[in-house]
Amino acid sequence: MVEKILTVRNRAGIHARPASIIAQAANKFVCEVSLTKDGTTINAKSIMGVITMAAGYNANLTLQADGPDENDAIATISALFENKFEEE
């Protein structure tokens, strides 16, 4: 299992569009991908799960991936956060 702390950098936080982008990216991988915020863990492959996290600007999330392509999943999803989901 690989784990990485991510910070929401886009001002609008994780709303419908970023949640969709995260879920689409996570679904490209075989491994299990999850996000944890304030003790609540969701399946990152679920758009609704990602939206319900209500992660605002500067929120810290723990990204976890477990499976054969876990490193690629972490790198891909981390890049989305670093690029602010191309919103700014």
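For the numbers below, each heavy atom of this structure counts, side chains included, while hydrogens, waters and symmetry mates do not.
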| said: What I want to check is whether the side chains of T7 and N60 have a donor and an acceptor closer together than 3.5 Å. | reply: yes

| query | Which residues satisfy the side-chain contact (heavy atoms from CB on, under 4.5 Å) test with D38, sequence neighbours excluded? | reply | none

| message | Taking side-chain contact (heavy atoms from CB on, under 4.5 Å) as the definition, give me every residue that meets it alongside E3, ordered by chain and number, with sequence neighbours left out. | response | T62, Q64

| field | Side-chain cluster (under 4.5 Å, hydrophobic types only) that V50 belongs to, other residues | value | V2, L6, V8, I14, I21, I22, V33, L35, I42, M53, L61, L63, I74, I77, L80, F81, F85

| request: Tell me who clusters with I51, hydrophobic residues only, linked when side chains sit under 4.5 Å apart either directly or through other members. | output: I47, M48

| message | Strictly distance-based, threshold 3.5 Å: is any side-chain N or O of T52 a donor or acceptor partner for the main-chain N or O of G49? | response | yes

| request: Could you pull out the closest heavy-atom pair between K37 and A54, with the gap in Å? | output: NZ-O, 3.6 Å

| task | Kindly give the heavy-atom pair with the smallest separation between A26 and A44, and that separation in Å. | result | CB-O, 3.6 Å

With sequence neighbours excluded, residues passing side chain to side chain donor-acceptor pair (under 3.5 Å) with [X]:
X: T40; answer: none
X: N71; answer: none
X: S46; answer: none

Residue pairs fulfilling salt bridge (charged side-chain N to carboxylate O under 4.0 Å, His left out) with at least one residue in [range], sequence neighbours excluded:
range: residues 40-49; answer: none
range: residues 61-72; answer: none
range: residues 77-87; answer: K4-E82, R17-E87, K84-E88
range: residues 51-65; answer: none

| task | Only pairs at least two apart or in different chains count here, so list each ring-ring contact (aromatic ring centres under 6.0 Å, His included) that has a residue in residues 16-53. | result | none

